[in-house]
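Below is one structure; the comments refer to it alone.
In what follows, chains are A, B, ... by sequence order, proteins preceding strands, each numbered from 1.
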Amino acid sequence: MSDYLDGLNDIQRQAVTTIEGPVMVIAGPGSGKTRVLTYRIAHLLEKGIPPWSILALTFTNKAAREMKERISTVVGDRARSVWAGTFHSIFARILRYEAEHIGYPGNFTIYDTQDSKSVLSNIIRENNLDSKVYSVNGIRSRISSCKYNLISPKAYIDNPQYLQEDRERKQPHFQKIYKAYMARCRRAGAMDFDDLLYQMFILLHKNPGNVAQKYRDKFKYLMVDEFQDTNYLQYQIIRKLVNWEGSPRNVCIVGDDAQSIYAFRGATIQNILDFQENYPNVKVFKLEQNYRSTSHIVEAANDVISNNRRQIQKKIWTDKGEGDQIKVIQAVTDTEEGKRVADQILEQKTRYHLQNKDIAILYRTNAQSRSFEESLRQHNIRYKVFGGLSFYQRKEIKDILGYLRMIVNPNDEEALRRVINYPKRAIGKTTIDKVSRMADQANISMWDLCKNVHQTGLSARPTNAIKGFVKLIERFQAMQSTKDAYELAMLAAKESGLLKLLGEDKTIEGMNRMENAQGLLDGIKIFVDSDEDFGEDIEGDRSLAAYLQSIALLTDQDTQDDTDDHVTLMSVHAAKGLEFPSVFVVGLEEDLFPSFMSKNTTDELDEERRLFYVAITRAERFLTISYAKSRYRFGQIRYNETSRFLDEIATRNMAMSTPFSKSGRSAQPYGSSSGKGVNYAKYAAPKKKKKTYNPNTPVDPRFKAINAKELSVGQQIEHFRFGNGTIKSIEGATGNEFATIKFDDGGEKRIVLRFAKFKV
DNA sequence: CTCCTACGCCTTTTT
DNA sequence: GGCGTAGGAG
C-alpha cells in the first residue's frame with residue numbers, strides 16, 4: 001500500500017514524507033503540486049494519523065473537492081473525514097459552532113458582495129453623505145483592507161494618522177461608515193466574506209473558554225495550498241493555530257511566488273518571506289520539473305517571468321520535447337479575433353483529434369467572452385462560459401433565497417430589504433428608509449422594529465402593509481419544525497406570490513428566470529433527499545439553515561457538471577490550477593492585458609505579468625496567443641497596441657500566423673495608438689432607442705399567437721409591440737418554439753411563439 | 001407609492 | 001455597452 005510513493009520523483013517524495021515540523025514546497029506550474037499535497041495527506045493517514053486531525057486549506061471548493069477525491073483513491077473512505085476546504089468554508093463551519101463565543105447567532109447569514117455593497121450604500125445615503133465622494137466600491141475595499149490588516153473600527157478611530165489620511169482624502173467620515181457597517185452586519189446576524197476570516201482570528205485571539213487550544217489540539221497537521229495567495233490576516237490565523245508553546249509546528253505550505261495573482265484582495269508574497277523567518281528550521285523543497293508542457297511553452301514562461309523583479313530563484317524545466325511553437329494570431333477587430341480563434345479550434349480538432357474539452361480560451365476580463373461565444377456558436381462548437389454572474393447571484397434566485405434567509409434569520413437586513421416589497425406590498429422606499437433609521441436609533445434590527453410597527457407612529461397604510469409582511473414570514477417560520485427545506489421553500493415561493501409573478505412574464509428572459517427558480521427549488525429537493533456531503537459537509541443536517549449554509553460559499557464553478565464535451569471559456573484567474581492540451585490566451589493588448597487599471601506601479605505590472613505567466617503555463621501541447629488591433633470597449637471602438645508581454649517571448653518559441661514584426665507594436669494604422677485623450681465619439685455606435693411597453697394597453701385582436709408550423713424563416717411579420725420585422729430563425733421543441741426576429745428598427749428579439757402577439 | 005425616463009456611472013481579477 | 005439611481009408625473 002506504500003507503492004503510491006513510487007510514482008513520485010525524488011524531491012516530491014521528500015516533500016511527501018517529511019511530515020514533522022514546518023515544510024515549504026515551492027511548486028512551479030505543472031510540477032505535481034496537487035500530487036504532493038494529496039499524497040502527503042495519504043501518507044499521513046497511512047502513518048496512522050487520524051483524518052480529522054488533518055486540516056488542509058485551499059482557495060477554491062473545487063481544489064478541496066479534487067484533493068479529497070484524489071486522497072480517497074489512495075486511502076479510501078477515510079479521506080472523507082479529513083478537514084479539507086476553503087479558508088472561508090472551514091472557518092464558517094467553526095464559527096457556526098463557536099458562534100456564541102463571539103456574540104453571533106449560530107445561523108448567521110453570509111453576506112455576499114452584493115449584500116455588502118447594498119449595506120454600504122444604505123449607510124451612505126442615510127447619513128446624507130455624497131455618494132460620489134464615498135463610492136461604495138472604494139469604501140468596501142478600504143473596509144476590506146482594514147480587516148485584512150486587523151484594524152478594528154475602534155483601532156481605526158483611535159489612530160490619528162488614519163483620521164488625518166481620511167481628511168486629506170476628503171473622506172473624513174470613513175471611520176463612521178466602517179463602524180456603522182460592522183454594527184449593522186452584527187445586528188443583522190451577518191458576516192461578509194472578510195468577516196469569516198476576521199472573526200476567526202478574533203475567536204482564536206481572544207480565546208474565550210480556551211477555544212484556541214481546542215483547535216490547536218484538534219488540528220495536528222496543517223496544510224495550506226496556494227500559500228502565495230494568502231493575505232496577512234490568513235497568515236495570522238495560521239500562526240495562531242501553529243505557533244504556540246509546545247507546538248510541534250507541523251505546518252506545510254505549498255505555493256509558487258510566480259503565480260501570485262491576488263494582491264488586489266490583499267494577498268502578499270511577504271507571507272512566504274515571513275514564513276521562512278518565523279520558522280527558521282523550515283525545510284524547503286523546490287519542484288522545478290514541469291510535467292505539463294512542452295519546452296517552447298516552458299521557455300516562453302521562463303522568459304516572461306524573468307522580467308519580474310523579486311522572486312524566489314528557480315528554473316522550471318521539462319523533458320517533454322520541443323513540441324509546437326506558440327502561435328500568434330493578429331486580428332483587426334475583436335469580432336475577427338473571435339472568428340479566427342474559432343477557425344483555429346476547428347483546425348486543431350480535425351488535425352490533432354482534439355475534443356472540445358481539451359481546449360480553453362482564457363481572457364483577462366469576463367466581458368471578453370462575448371465575441372468568442374458568438375463565433376463558437378456560428379462554428380457549431382460547444383462551449384461553456386465560467387465565471388460572471390453565478391447562479392446564486394441572479395436576481396430571481398436571490399429573491400427566493402431572500403425569503404428563505406428571512407425564515408432562518410429574520411434579522412438578516414439585506415434579505416428583508418430585498419423581499420419586504422417584492423412582490424409589491426405597498427411598502428415603498430420612504431417607508432423602508434424610515435424603518436431603517438428608526439431601527440438604527442433604537443439599535444434593534446429592522447425585523448424587530450417591523451414586529452413592533454404599531455408603536456412607530458407610521459401612518460396606517462404602511463403599518464398594515466408591514467404587519468401583513470411580518471405575519472407572512474412568521475407563518476413560514478412556524479412551519480420550520482414540521483416541514484423540510486424543500487417543502488418550506490416551495491411554500492415560501494408560492495405564498496409570497498413570487499412564483500406567480502415569475503410565471504406571468506412570458507418573454508424568453510422571463511421564462512428563463514422561471515426555469516432558474518424551478519432549478520433552485522429542484523436543487524433544494526436534491527439537497528433534502530441526498531445523504532451526500534454538500535460542499536461543506538454539514539453531516540446529516542438537511543434543514544433549511546443547513547441548505548443556506550451549503551450554498552453561501554459556492555461559486556459558479558462549483559455547480560458545473562463536466563460531463564459534456566465543451567470548450568472552456570474563463571478568466572485567467574479562474575483557470576489557475578487547471579490545465580488543457582490546447583490553450584488560447586486572447587486579448588494580448590496594452591490596457592487590456594496588462595489592464596489599464598494595473599499600469600500605475602511596477603508592483604501592479606508585475607502581478608499582471610504573473611497572471612500572464614499563469615495563463616500560458618495552463619497549456620500542455622498547444623498555446624495560441626491572439627490580439628485585436630481594435631475592439632469595442634465601454635461602448636466605443638478603441639485601438640490598442642500589442643501587449644508588451646508578447647515582446648517578452650523569444651521569437652524562437654513563436655510562430656506567426658500573420659505577417660508580424662516585433663516593431664509592429666508601434667504601427668498605427670488608424671492614426672492613433674493608445675487612444676488616450678482622443679475623442680472616439682464619432683466611432684461610437686448610434687444609440688438604440690429602447691422601446692417600452694405598457695402591459696395595460698389593450699392589444700389589437702388582430703395580433704395573436706401563430707402556430708410555428710405556419711411560419712417560415714424570412715417571413716415578414718408585424719409585432720404589436722415591436723413593429724415590423726423579419727423572421728430569422730425558428731428553434732425550440734414543439735409547442736415551445738421561439739423565433740428570432742430582426743425588427744426594422746435594428747433590434748433583434750427572441751420571442752416565444754406560444755405567447756407572441758403578431759400578424760403575418 | 002409606482003411607473004417611467006433620462007442620465008450618469010462604471011467597467012479587472014474572486015472567496 | 002449595461003446597470004443602478006435620481007427625478008419627474010400619475
5'-most by nearest nucleotide on DNA chain B - A/Ala367 or A/Lys429: A/Lys429

Contact class for A/Arg633 (heavy atom, under 4.0 Å): base, sugar-phosphate, or nothing? nothing

Sugar-phosphate only, base, or nothing, as touched by A/Thr113 at under 4.0 Å among non-hydrogen atoms: base

Atom pair distance, as rounded to whole Å: CE in A/Met570 and C1' in B/dT13: 13 Å

Is A/Thr430 close enough to B/dC1 that one of its side-chain N or O atoms is under 4.0 Å from OP1 or OP2 there? yes

Whole-Å distance, A/Phe87 CZ to B/dT14 C1', equals 14 Å

Between B/dT15, B/dT12, B/dT14, spot the one nearest the side chain of A/Ala574, thanks. B/dT14

Given B/dT2, B/dT12, B/dT13, identify the nucleotide with an atom nearest to the side chain of A/Asn421. B/dT2

Would you please say whether a donor-acceptor pair under 3.5 Å links the side chains of A/Asp112 and A/Tyr392? no

Given B/dT11, B/dT15, B/dC3, the nucleotide with the shortest approach to the side chain of A/Phe596: B/dT11

Strictly by modelled atom types, are A/Asn137 and A/Arg140 linked by a side-chain donor-acceptor pair under 3.5 Å? no

Comparing A/Thr431 with A/Glu604, nearest DNA chain B nucleotide closer to 5' gives the residue A/Thr431

Between CD of A/Gln393 and P of B/dT14 the distance, given in whole Å, is 11 Å

Is there a side-chain contact between A/Ser571 and the phosphate of B/dT14, meaning an N or O under 4.0 Å from OP1 or OP2? yes

Measure from the side-chain heavy atoms of A/Lys424 and tell me the nearest of B/dT12, B/dT2, B/dT15. B/dT2

Take atom CG of A/Asn61 and atom C1' of B/dT14, then tell me their distance rounded to the nearest Å. 12 Å

Choose from B/dT12, B/dC1, B/dC3 the nucleotide whose nearest atom is closest to any side-chain atom of A/Met597. B/dT12

With nearest nucleotide decided by heavy atoms, which residue, A/Ser121 or A/Arg370, maps closer to the 5′ end of DNA chain C? A/Arg370

Run the side-chain hydrogen bond (donor to acceptor under 3.5 Å, both in side chains) check on A/Ser371 and A/Asp334 step by step: do they pass? CA-CA 7 Å; A/Ser371 58; A/Asp334 46 354; 5.5 Å; no

Return the value, rounded to whole Å, for the distance between atom CG of A/Asn137 and atom P of C/dT5. 12 Å

Heavy atoms from C-beta onward define the side chain here; which of B/dT11, B/dT14, B/dT2 lies closest to that of A/Ala426? B/dT2

At what distance, to the nearest 0.5 angstrom, does OG of A/Ser260 lie from CG of A/Leu611? 10.5 Å

Using whole Å, report how far CD of A/Glu226 lies from P of B/dT15. 12 Å

Under a 4.0 Å N-O cut-off, is there an ion pair linking A/Lys339 with A/Glu336? no

Specify the separation, in whole Å, of atom CG of A/Asp112 and atom P of B/dT15. 12 Å

Closest to the A/Asn366 side chain: B/dT12, B/dT14, B/dC1? B/dT14

Do any of residues 188-197 of chain A sit with a heavy atom less than 4.0 Å from DNA chain B, and if so which? A/Phe193

Whole Å only: how far is the NZ atom of A/Lys599 from the C1' atom of B/dT12? 14 Å

Are more than 12 heavy atoms, taken from residues, nucleotides or ligands other than A/Arg370, located less than 6.0 Å from that residue's CZ atom? no

Do NZ/NE/NH1/NH2 and the carboxylate oxygens of A/Arg265 and A/Asp229 come within less than 4.0 Å? no

Centroid separation A/Phe612 to A/Phe645 less than 6.0 Å: yes

When rounded to the nearest Å, what value does the distance between C1' atoms of C/dG4 and B/dT13 take? 22 Å

